[in-house]
Amino acid sequence: MTTTRQGLFAIMHSDSTDRAVIVTPDDPRYPDLTSGTNQRFVGKPEMIRLITSTEDAVAAVRDAFAAGKRVSLRSGGHCVEDFVYNPEVEVVLDLSQLDEIAFDADRQAFMVSSGALLLNVYERLYRHWGVTIPGGICYSVGVGGHVCGGGYGMLSRTLGLTVDHLYAVEVVHVAADGEVAAVVATREPDDPHRDLWWAHTGGGGGNFGVVTRYWFRTPGRGGTDPSKLLVAPPSRVLLGQCAVPWDQLTEADFDRLVANYGAWNEANSRPGSRGAELSSILVLNHRASGPVALLSQVDAALPDAAGLLRGFLSDVFEGTALAGSPQVLDAVEELAWLQATRHVTTVIGNQPIPSVRGITKSAYLRRGFTSDQRTALYRNLTRPDTHSPGAIVMLMPFGGRINAVGSDETASAQRDSVMKMRIENWWVDPRTDDANMAWGRDIFTQLFARTGGAPVPDDSTDGCYVNYADSDMLDPRLNRSGVPWSTLYYKDNYDRLRRVKTHWDPHNFFRHRMSIEPLPPSPGGQFGASRIPS
Ligand SMILES: Cc1cc2nc3c(=O)[nH]c(=O)nc-3n(C[C@H](O)[C@H](O)[C@H](O)COP(=O)(O)OP(=O)(O)OC[C@H]3O[C@@H](n4cnc5c(N)ncnc54)[C@H](O)[C@@H]3O)c2cc1C
């Protein structure tokens, strides 16, 4: 390991110097390490410390804490907010080089280090052991931030959220007395640190400490054969991909398509139902950004898999000009699962423009959209004043195995929605920031006008997804619902998350503008209770 620059605050006196990889503003690597996917957020830290091991993470946190530095954590760099790169951050702890993926025979679980990227995880787990985790759709999302936020992807309807398979997590934290240590917390009922594991099943990144490693084993699995310890993906899938140019769609067609998609997911999301075997994404590009596209996937080995997929496509396009069209029904191919995943994660789930700036908003949907909401969607997706290359509303089915888990079993509280919506806008020119952000805000505000501009937990909606964090929900001018952001993201799990936060990060050393708030100090001025009542 090298130290690229000597003489940095506490590092000078630290016994960890020989292990540290440090990049400072005069280093040629600095520009690459001060931003992630979203170029709206560029940091100016005094240093980036590239973490090379758990011990190195402990040393890095110890140094930064002793020097009173404000830190942030990066793994895959896909944060959709400024939690990693913002002007207040003085030291970025970058875990991108910590990317080991291995079977841990002692824990009988698959160990994945935080810097591993999703497609590398899928390839390694599958090629070596025939197993997988049901994670996200973009190949370059990092495990570090993704998993602790829940982790959702094309296999989640059949296999659950990624955290439903999380066995353990290693976290480097700062205790009340300032001691820095690495702790492994498991889901074992008698583990005294179980609450820390639980907090990493949906609490989101940057809250409790530095996650260095995760371990995965599906609940109820045992024995010594690694291939039986974690869920397996299908060997082959049927992948449907149809794209409908906007000039083939009338407003009535669009309305019918979105209504049909909502109705299908309402009727087909029950855990264990045949319809829940099918996953899909309805990609509603703005007409300047691309066509309306529907991606769908089903295990090719299911009885009459082709019939299930064809039935879905027929139902979704029923009553539109494309009903029964080969353009819709025949755009299906059978692929090995990993081939399909490589394609979906690099071509569809990926954001390919390097200088891209973006905004993301999200909502869990318990119902399909109403007529007024569909009108708002159409109006905004056809607005002539939007020209960005990536103005998109994505609808994805939820339900299936995800909804077989209780709301408080993990920190991912939303367990009875039928769809998840993601609004994105991606653009390049900083001068158009305001206009492009306004597009995302307008559509969101109009969709949820009935409830003050936020998808509050009620009969129709169920809050927002922590991995698609949206700081607009902190702003009372944009979130006029009266429901705090913390309820939108965590619902009734927030109080428990605060207790875990107070115990494991009593100094609030790990924080960003939407991090979990510690409880106020007790009357005696003490923080960090020794035991966490759950
Ligand atoms: C193009 C794109 C596609 C996406 N697709 C999906 C998807 O299909 N499914 C889905 O569920 N999500 C998806 N996401 C959201 C993604 O899961 C989150 O943005 C996730 O937090 C990214 O993790 P990261 O490590 O890549 O990001 P980073 O920017 O490195 O970190 C994100 C957050 O996690 C914290 N963090 C990072 N590393 C650590 C660590 N080691 N320990 C503790 N905290 C840490 C950071 O402080 C930050 O708050 C997508 C995002 C993008 C930009």
Side-chain angles (χ1 to χ4, degrees), residues 33 35-41 43 51 54 57 60-61 71-86 89 92-99 112-119 121 133-156 161-163 169-173 199-200 202-214 279 281 341 344-346 348-353 356-360 362 390 392 394 396 398 402 412 420 422 424 426 465-471 504-505 510-516:
L33 293 167
S35 65
T37 309
N38 192 337
Q39 294 300 308
R40 210 152 57 82
F41 312 125
I51 305 299
T54 301
V61 172
V71 299
S72 72
L73 312 177
R74 175 201 162 119
S75 290
H78 276 56
C79 196
V80 296
E81 273 289 352
D82 70 348
F83 303 162
V84 184
Y85 301 110
N86 67 64
V89 168
V92 176
L93 304 182
D94 185 316
L95 289 101
S96 59
Q97 301 307 295
L98 202 65
D99 59 357
V112 181
S113 299
S114 282
L117 304 184
L118 285 181
L119 185 55
V121 176
I133 50 172
I137 298 159
C138 173
Y139 81 101
S140 51
V141 162
V143 163
H146 178 68
V147 172
C148 55
Y152 166 91
M154 289 299 278
L155 293 177
S156 291
L161 295 179
T162 307
V163 289
V169 59
E170 181 176 72
V171 185
V172 175
H173 80 115
H200 285 85
N207 276 301
F208 308 100
V210 185
V211 175
T212 39
R213 296 186 281 180
Y214 294 102
S279 197
I281 311 178
T341 299
V344 170
T345 56
T346 54
I348 294 159
N350 183 28
Q351 177 40 256
I353 306 170
V356 85
R357 310 165 75 78
I359 185 172
T360 295
S362 69
I392 309 168
M394 272 199 247
M396 299 163 271
F398 217 59
I402 303 166
S412 301
K420 175 142 87 175
R422 177 175 180 181
E424 311 176 8
W426 301 101
Y465 180 32
V466 68
N467 270 348
Y468 301 154
D470 173 12
S471 58
W504 289 99
D505 186 30
F510 298 97
R511 64 186 187 278
H512 51 70
R513 63 180 163 141
M514 289 179 81
S515 53
I516 293 161

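Both ligands and their constituent atoms are indexed starting at 1 by order of listing. As a basis for the values below, the full set of heavy atoms in this structure was taken, side chains included, without hydrogen atoms, waters or symmetry mates.
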Would you say the side chain of [Y] lies within less than 4.5 Å of the side chain of [X], judging by non-hydrogen atoms?
X    : Y    : value
V143 : V121 : yes
N38  : V80  : no
V210 : F510 : yes
V163 : V147 : yes
R213 : T54  : yes
V169 : Y214 : yes

Sub-4.0 Å atoms of ligand 1 with respect to non-hydrogen atoms of [X]:
X    : result
G136 : 7 (C), 8 (O), 9 (N)
F83  : 49 (O)
H146 : 9 (N), 10 (C), 11 (O), 12 (N), 17 (O), 20 (C), 21 (O), 23 (O)
G209 : 42 (N), 43 (C)
Y465 : 10 (C), 11 (O)
S114 : 41 (N)
R74  : 30 (O), 38 (N)
I137 : 7 (C), 8 (O)

Any N or O of [X] closer than 3.5 Å to N or O of ligand 1:
X    : answer
V80  : no
G151 : no
Y152 : yes

Could you work out, for [atom], the closest of [options] by heavy-atom distance?
atom                    : options               : value
atom 15 (C) of ligand 1 : V141, N467, T162      : N467
atom 4 (C) of ligand 1  : H78, R422, E424       : R422
atom 28 (P) of ligand 1 : G145, S515, G77, S362 : G77

> Which heavy-atom pair separates I51 from Q97 by the least distance, and what is that distance?
Replying inline: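 It is O-CB, 4.2 Å.
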Is the shortest distance from a heavy atom of [X] to ligand 1 less than 4.0 Å?
X    : value
T37  : no
F208 : no
F510 : no

> Considering residues at least two apart in sequence or located in another chain, which fulfil the ring pair (Phe, Tyr, Trp, His ring centres under 6.0 Å) criterion with Y152?
Replying inline: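 With sequence neighbours excluded, Y152 shows a ring pair (Phe, Tyr, Trp, His ring centres under 6.0 Å) to F398, given in chain and number order.
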>> Using the ring pair (Phe, Tyr, Trp, His ring centres under 6.0 Å) criterion, which residues pair with F41? Sequence neighbours excluded.
In response: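 Residues passing ring pair (Phe, Tyr, Trp, His ring centres under 6.0 Å) with F41: none at all.
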> Which bit of L95 is near ligand 1, meaning a heavy atom under 4.0 Å away: side chain, backbone, both or neither?
Replying inline: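 Answer for L95: side chain.
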> Would you find a donor on one side and an acceptor on the other, under 3.5 Å apart, between the side chain of S156 and the backbone of P134?
Replying inline: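 Indeed, once roles are kept as given, a pair shorter than 3.5 Å links the two residues.
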> Do the side-chain N and O atoms of Y85 and R74 include a donor-acceptor pair separated by under 3.5 angstrom?
Replying inline: yes
